[in-house]
Structure formats: C-alpha cells, structure tokens
K.L.:
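Pasting in a structure now, in structure tokens, and then I'll have a few things to ask.
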Amino acid sequence: MLDPKLLRESPGTVRAAIAKKHLQVDLDAVIALDNAWRALLQETETLRSRQKAANGEMAKLPKGSPEFIAKVAEMKAVSAQVKEKEAALKDAEEKCRAAMLSLPNIPHESVPEGATPEQNVVFSTHGDIAALVSPHAKPHYEIDGFNKLFDFDRGAKVTGAGFPFYVGDGAKIVRALLQFFLDEDTKAGYTEVNPPIFVNEASATAVGQLPDKEGMMYETIPDRFYAIPTAETPLTNFFRDEIIDEAALPVCRCAYTPCFRREAGSYGKDVRGLNRLHQFDKVELLKWVHPSKSYEEHDKLRDDAERLLQKLGLPYRVLLMCGGDLGFSQAKKYDLEVWSGGQKRWLEVSSCSNFESFQARRAQIRFRGKDGKPELVHTLNGSGLAIPRVLSALLENNLQADGRVKIPAALAPYFGKEYLSFA
RNA sequence: GGAGAGGUGGCAGAGUGGUCGAAUGCGCGCGCUUGGAAAGCGCGUAUACCGCAAGGUAUCGGGGGUUCGAAUCCCCCCCUCUCCGCCA
C-alpha cells in the first residue's frame with residue numbers, strides 16, 4: 001500500500017507510476033473517495049466530541065434529576081446521529097482502503113521503461129553455454145528413466161497433476177540441493193527459519209495475496225488456512241504489527257518450504273516435467289532493512305542468489321524487469337534465469353524484489369528511528385533458489401553419453417556421489 | 001475433542017457502567033543531589049488518524065450488540081494457561 005499522504009500531496013507521482021507499470025487505474029476516483037472519507041471523519045469526530053463533553057457533565061448530575069433526564073433526551077438524538085455517521089464512515093473507509101490497495105507501488109527510477117517482457121533489460125549474463133552444457137543434453141522429461149525418479153503418474157493418482165513423487169536419486173538430489181542452498185545462504189549471513197506452511201487470512205492479506213488472488217492458493221476446510229505459495233508469506237508476516245529494534249537491521253533470513261500453487265490456466269510446454277508444479281520446494285531469502293540501505297541490500301541479495309548458480313556451474317542471466325513487467329507491489333525486480341540446455345530456453349529460478357515500504361505499510365512492520373519515532377522498514381525477498389527448475393537445468397546440462405548426470409563438485413558432498421543415475 | 005481460568009500500556013498489575021488513555025510498582029529518559037555512585041526527590045515515558053493550526057478522535061485480544069454513556073454488561077470469534085481425552 002502507498003502512503004495516503006503521497007496521493008494527496010503528489011498525485012502526479014502516483015499517476016506517473018501507474019503509467020510506467022502500464023496499468024489502468026482511475027486515480028481521480030481514488031482521490032474523490034479519500035476526500036469523501038476525510039470529510040465524513042471530521043463530521044463524525046465533531047459529533048463524538050459533543051458526546052464526550054456531555055458524558056462529563058452527566059457524570060456530575062444526580063441520576064434522577066430533571067437536568068439529567070433532559071440531557072438524556074438531548075443526547076439520544078446525538079447518539080442516533082453518531083450511529084448513522086459511523087455507519088457511513090465505515091463504509092467510506094472500506095471503499096477508500098480498497099481503492100488505496102488498488103494503487104501499485106512506485107517503480108524505482110532505475111527501472112527501465114517498457115510494457116512487455118521483451119523489453120526487460122539483460123542486466124548480465126554468466127557462464128559459457130557451449131562449455132557448460134553437455135553435448136548430450138536433452139529436455140529432462142525426455143531422459144530415459146525420468147519417470148522412475150520423478151513419478152508424475154503416481155503423483156497424479158495419489159493427488160493430482162503437478163504433484164510428483166521424487167524417488168531414489170530423485171528424492172536425494174532434491175534434498176542435496178536444499179541443504180546446499182541453506183548452508184550457502186546461512187554462510188552468507190541469513191538465519192535459517194522453518195516456518196508454518198499454512199497461514200491465516202490476515203497473513204495472506206498482509207502480503208497482498210488476499211483479496212483477489214485466492215484462486216492461486218489452496219485453502220483448507222474447515223479452518224480456512226491457506227497453503228503458502230512461497231515462504232515469503234509466513235516469513236514476511238513474522239514481524240507483522242511489530243516494531244523491530246533498529247540496531248537489529250538488516251534482519252536477514254532464509255527458509256526452505258514446500259510451495260503450493262494452483263496455477264490455474266497454465267498449459268503447454270510451460271508445465272511439462274519439472275517446469276511448473278503445484279507443489280515444489282524452494283529456499284527463500286528475505287530481508288528487513290533500513291530504508292537508506294534498501295538498494296545496497298537489494299544488490300547483495302541478488303549476488304547471494306547468483307552465487308548459488310555459479311557454484312553449481314549453471315549458465316544464467318539476470319534480467320532487470322521493465323516497468324510493465326514489474327509486479328504490482330515491487331519497486332524494482334531482477335529475475336535470475338538459468339539456461340536449460342535440453343529445452344534450449346531460459347527458466348526463471350529466482351525473482352529478487354525490492355518492495356521498499358509497500359509491504360511494510362500493509363503489514364505494519366516498523367523500526368524505531370533515531371528520533372524515537374517508528375518508521376516503516378523496507379522489505380526485500382528473492383529465491384535462493386527454486387528447486388525444480390534448477391534441477392531441470394542440472395539434469396539437462398550435465399547429462400552424459402551413458403545417461404547419467406554429473407553432479408557439480410560443490411553439490412557432490414551433499415549428494416554423496418558424483419553421478420545421478422536413472423537406471 | 002471435553003471442562004475450567006484468563007487476555008489491560010515495555011513488563012508486572014489495579015480497575016465491574018460516567019470525571020478512565022486508564023491507579024500503583026518496576027523498567028527507561030532527563031534533571032536535582034554527590035568527589036563519584038547508590039539511595040532519595042522532581043519531571044517525563046504508547047500508537048494511529050484527521051486538521052494550516054488551535055485542537056479533535058480512536059485504541060484495554062478481534063468483531064458485533066445493549067446504553068445518553070462500555071476496559072467494565074451481552075453475543076460470536078481468536079489466542080494463552082490448567083485438567084481430562086486422543087496422538088507422532
């Protein structure tokens with residue numbers, strides 16, 4: 001959520017932000033709702049003020065006295081008015097809040113102009129594809145024996161499409177990657193957290209998954225919990241409605257969780273094999289930082305995620321997202337895409353985003369500044385990393401002539417052997 | 001799942017219909033005192049919103065209700081604790 005003051009004092013800034021993100025929002029309507037709410041608030045508070053004053057007088061009057069009885073009659077009318085105004089105020093407040101929530105975050109000045117993904121800027125490219133991709137590479141879902149290690153048929157029977165069983169070396173490689181990522185992230189200064197994988201409505205709302213996006217999440221009956229689409233959800237909510245000690249900033253955390261996404265409407269090559277699943281494993285990086293350090297920390301976060309790909313010897317590139325491809329709540333975002341040597345395309349394995357105070361305002365996450373006043377933190381997050389697509393690239397790029405997969409040196413100690421076998 | 005007890009400011013803990021944003025203590029900050037410190041004394045010590053300002057309003061787990069008036073009474077929900085049951 002944006003600062004309402006920004007809308008009042010500098011609507012042009014908000015208008016420009018909407019334009020840069022190529023969104024359609026009736027800003028004048030939002031401003032009108034805000035004005036209506038403020039006017040109504042004034043009226044209501046004036047009435048309440050009268051009520052309070054009368055209350056003080058009545059407390060001093062003898063209960064049954066004529067003055068007292070007269071006062072009750074008088075205040076009855078005021079009370080009715082207050083009830084009426086309060087109902088109107090509540091209605092205005094809800095409309096106003098909903099309208100405010102429809103306003104996107106302001107893109108950072110360094111975000112390139114552009115409307116479509118094609119206009120994202122290639123920020124950097126790493127790793128020599130020719131040298132790092134095996135000549136025997138093929139799409140992972142076409143590798144002989146793939147279904148033995150990644151059993152989609154059994155998964156579909158037991159749960160549904162997109163919920164595979166990982167078996168034998170398939171399970172082991174997932175575990176190795178998770179542990180490798182967590183160890184590396186911990187070394188980089190992130191404290192490991194193991195969060196709940198279901199959240200309540202308040203938490204889903206605080207990070208913007210509700211309202212409107214309930215279709216992307218699995219919901220439990222009868223408790224109305226939501227299966228998390230990413231560890232960002234519980235992690236960001238850790239400090240919801242809290243004031244963090246300024247000296248503790250930046251707070252850096254990492255968490256492994258399974259992630260659950262309904263992905264309604266996906267189809268085609270995007271969903272083949274491990275490319276897009278309803279349940280997948282991911283290690284998430286999250287930072288709560290001082291606003292003055294926000295972009296410095298953002299770059300470090302991206303570096304931390306990049307280092308994982310480098311250590312695995314996977315070629316990748318970094319995209320700087322243009323305004324039109326930025327998410328609603330992000331001020332700036334880098335995507336890390338790994339080269340899938342078999343499918344011959346880039347696969348997104350991490351999005352490193354700076355939300356500035358947009359999330360923090362909605363979730364009320366603050367720190368106490370030098371002057372003693374609470375101030376909103378900036379929140380940043382990024383994957384470090386999402387397992388299945390890293391795994392896709394790994395299986396494809398490292399596929400040997402004999403059908404085995406060479407395990408990168410950095411990962412071998414975790415996997416326990418040098419080759420993964422589909423036999 | 002059943003029965004009971006509770007949720008008040010940074011913490012502890014009063015307050016059962018009015019002058020209560022809320023006693024008192026602790027903690028914290030500033031000052032006095034002191035050679036210095038402790039003790040003692042004095043003052044201060046939540047958050048948010050509206051307003052140019054003066055100022056006003058809201059908040060006693062959350063929501064709704066009763067009332068001229070609710071921290072206080074009623075209803076629903078959430079959470080914590082104790083006992084019982086069940087269980088990895």
Side-chain angles (χ1 to χ4, degrees), chain A residues 1-11 30-101 103 194-206 210-211 219-226 234 237-248 357 359-377:
Chain A
M1 189 163 81
L2 289 177
D3 185 351
K5 286 194 187 76
L6 183 70
L7 180 66
R8 287 169 204 153
E9 289 160 15
S10 180
V30 181
I31 291 170
L33 283 169
D34 182 53
N35 287 333
W37 169 71
R38 283 191 288 167
L40 209 46
L41 183 67
Q42 288 285 341
E43 294 171 33
T44 310
E45 290 192 348
T46 304
L47 280 172
R48 281 207 277 240
S49 175
R50 271 185 70 190
Q51 244 180 343
K52 271 186 101 160
N55 195 38
E57 293 170 34
M58 290 174 78
K60 292 186 193 107
L61 292 172
K63 283 281 172 327
S65 69
E67 297 95 323
F68 188 89
I69 290 164
K71 210 70 182 159
V72 169
E74 181 193 336
M75 293 319 292
K76 241 181 181 144
V78 176
S79 178
Q81 282 182 62
V82 167
K83 283 213 167 70
E84 215 171 283
K85 282 286 178 205
E86 279 183 340
L89 181 67
K90 199 181 161 195
D91 183 59
E93 219 164 58
E94 276 165 17
K95 286 199 175 101
C96 198
R97 182 174 167 80
M100 283 305 300
L101 289 176
L103 300 180
N194 190 337
I197 60 169
F198 293 99
V199 295
N200 57 29
E201 188 178 355
S203 294
T205 304
L210 291 176
E219 188 181 343
T220 67
I221 300 289
D223 297 297
R224 296 242 302 141
F225 291 150
Y226 296 89
N237 275 284
F238 188 91
F239 291 117
R240 170 155 58 84
D241 297 323
E242 291 190 31
I243 297 176
I244 305 172
D245 185 7
E246 184 178 19
S357 60
Q359 274 188 335
R361 181 170 294 102
R362 190 160 175 162
Q364 283 299 298
I365 306 169
R366 297 173 293 175
F367 68 95
R368 204 173 287 281
K370 292 274 182 290
D371 59 358
K373 285 284 158 212
E375 208 180 318
L376 293 166
V377 299

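Order of the sequence lines sets the chain letters (A, B, ...), proteins ahead of strands, with each chain counted from 1.
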K.L.:
If the condition is salt bridge (Lys or Arg N to Asp or Glu O under 4.0 Å), which residues does A:E74 pass it with, not counting sequence neighbours?
P.N.:
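Listed in chain order: A:R50, A:K71.
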K.L.:
Apply side-chain contact (heavy atoms from CB on, under 4.5 Å) to residues A:N237 and A:V199 and explain how you reach the verdict.
P.N.:
CA-CA 9 Å; A:N237 275 284; A:V199 295; 5.6 Å; no
K.L.:
Base, sugar-phosphate, or nothing for A:R224, non-hydrogen atoms under 4.0 angstrom?
P.N.:
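It contacts nothing in the nucleic acid.
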K.L.:
Donor-acceptor pair, A:T46 side chain versus A:Q42 backbone, under 3.5 Å?
P.N.:
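Looks like yes, one N/O pair under 3.5 Å.
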K.L.:
Using a heavy-atom cut-off of under 4.0 Å over every strand shown, decide if A:R366 touches base, sugar-phosphate, or nothing.
P.N.:
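Sugar-phosphate, backbone atoms only, no base.
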K.L.:
Of all nucleotides in RNA chain B that come within under 4.0 Å of a heavy atom of chain A, which is furthest toward the 5' end and which toward the 3' end?
P.N.:
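Footprint of chain A along RNA chain B, 5' to 3': B:rG18 to B:rG69.
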K.L.:
Considering residues at least two apart in sequence or located in another chain, which fulfil the ring-ring contact (aromatic ring centres under 6.0 Å, His included) criterion with A:Y226?
P.N.:
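Residues passing ring-ring contact (aromatic ring centres under 6.0 Å, His included) with A:Y226: none at all.
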K.L.:
Okay, side chain of A:Q364, backbone of A:R361: is any donor-acceptor separation there less than 3.5 Å?
P.N.:
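Yes, A:Q364 side chain to A:R361 backbone: donor-acceptor pair under 3.5 Å.
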K.L.:
If I pick the C1' atom on B:rG40 and the same atom on B:rU57, what distance separates them, to the nearest angstrom?
P.N.:
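Pairwise C1' distance, B:rU57 against B:rG40, rounds to 41 Å.
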K.L.:
Any sub-3.5 Å donor-acceptor pair from A:S79's side-chain atoms to A:M75's backbone N or O?
P.N.:
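No, A:S79 side chain to A:M75 backbone: no donor-acceptor pair under 3.5 Å.
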K.L.:
Sticking with atom C1', work out how far B:rG62 lies from B:rC30, rounded to a whole angstrom.
P.N.:
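Their C1' atoms lie roughly 38 Å apart.
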K.L.:
Nearest heavy atom decides the nucleotide; on that basis, is A:P374 or A:K71 closer to the 5' end of RNA chain B?
P.N.:
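Nearest-nucleotide comparison on RNA chain B picks A:P374.
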K.L.:
In residues 51-67 of chain A, which residues come under 4.0 Å of RNA chain B by heavy atom?
P.N.:
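Within residues 51-67 of chain A, the residues near RNA chain B are A:Q51, A:K52, A:N55, A:M58, A:A59, A:K63.
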K.L.:
One pair to check against side-chain contact (heavy atoms from CB on, under 4.5 Å): A:V30 and A:M100. What are the steps and the verdict?
P.N.:
CA-CA 7 Å; A:V30 181; A:M100 283 305 300; 4.1 Å; yes
K.L.:
Provide the distance between the two C1' atoms, one in B:rG6 and one in B:rA12, to the nearest whole Å.
P.N.:
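Rounded to whole Å, the distance is 16 Å.
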K.L.:
How far, in whole Å, is B:rG17 from B:rC74 if one measures between their C1' atoms?
P.N.:
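Looking at atom C1' only, B:rC74 and B:rG17 are 13 Å apart.
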K.L.:
Any residue in residues 37-45 of chain A with a heavy atom nearer than 4.0 angstrom to RNA chain B? Just list them by number, or reply none.
P.N.:
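Per residue number, the list reads A:W37, A:R38, A:L41, A:Q42, A:E45.
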K.L.:
Mind checking A:K76 for me? I need base, sugar-phosphate or nothing, with any heavy atom below 4.0 Å counting as a touch.
P.N.:
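Touches sugar-phosphate only.
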K.L.:
Both distances under 3.5 Å, Watson-Crick or G-U wobble: on that basis, could you give the dot-bracket string for RNA chain B, with [ ] for crossing pairs and | for other-strand partners?
P.N.:
((((((((.[[[..)..(.....]]]((((((.......))))))(((((....))))).[[[[[..)....]]]]])))))))....
K.L.:
So, A:D3 side chain and A:K5 main chain: donor-acceptor pair closer than 3.5 Å or not?
P.N.:
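Judged by distance alone, yes, a pair lies under 3.5 Å.
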K.L.:
Taking atom CZ as the centre, does A:R8 end up with more than 12 heavy-atom neighbours from other residues, nucleotides or ligands that are less than 6.0 angstrom away?
P.N.:
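Yes - once you tally the heavy atoms of other residues, nucleotides and ligands closer than 6.0 Å, there are more than 12.
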K.L.:
How far does the C1' atom of B:rC32 sit from the matching atom of B:rU82, given to the nearest Å?
P.N.:
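Going atom to atom, C1' in each nucleotide, I get 50 Å.
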K.L.:
Count the heavy atoms belonging to other residues, nucleotides or ligands that lie under 6.0 Å from CD of A:E84, then report whether that count exceeds 12.
P.N.:
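No - once you tally the heavy atoms of other residues, nucleotides and ligands closer than 6.0 Å, there are 12 at most.
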K.L.:
Check whether any side-chain heavy atom of A:M58 sits under 4.5 Å from a side-chain heavy atom of A:V72, and report yes or no.
P.N.:
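In short, these two side chains touch, coming nearer than 4.5 Å.
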K.L.:
What interatomic distance, in whole Å, is found between P of B:rG21 and the corresponding atom of B:rC75?
P.N.:
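One P to the other, the span is 26 Å.
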K.L.:
Quantified in whole Å, what is the C1' atom distance between nucleotide B:rC20 and nucleotide B:rC60?
P.N.:
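Result for the C1' pair: 10 Å, nearest Å.
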K.L.:
As a quick check of understanding, evaluate side-chain contact (heavy atoms from CB on, under 4.5 Å) for A:K85 and A:V82, giving each step before the final call.
P.N.:
CA-CA 5 Å; A:K85 282 286 178 205; A:V82 167; 5.8 Å; no
K.L.:
Distance-only, no hydrogens or angles: does the A:S357 side chain make a donor-acceptor pair with backbone N or O of A:A360 under 3.5 Å?
P.N.:
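Not at all, since once roles are kept as given, no pair shorter than 3.5 Å links the two residues.
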K.L.:
I'd like to know if the side chain of A:R362 and the backbone of A:T205 have a donor-acceptor N/O pair within less than 3.5 Å.
P.N.:
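Flag set: sc A:R362 to bb A:T205 pair under 3.5 Å.
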K.L.:
Taking the C1' atom in each of B:rA5 and B:rC86, what is the distance between them to the nearest angstrom?
P.N.:
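After rounding to an integer number of Å, I get 22 Å for this pair.
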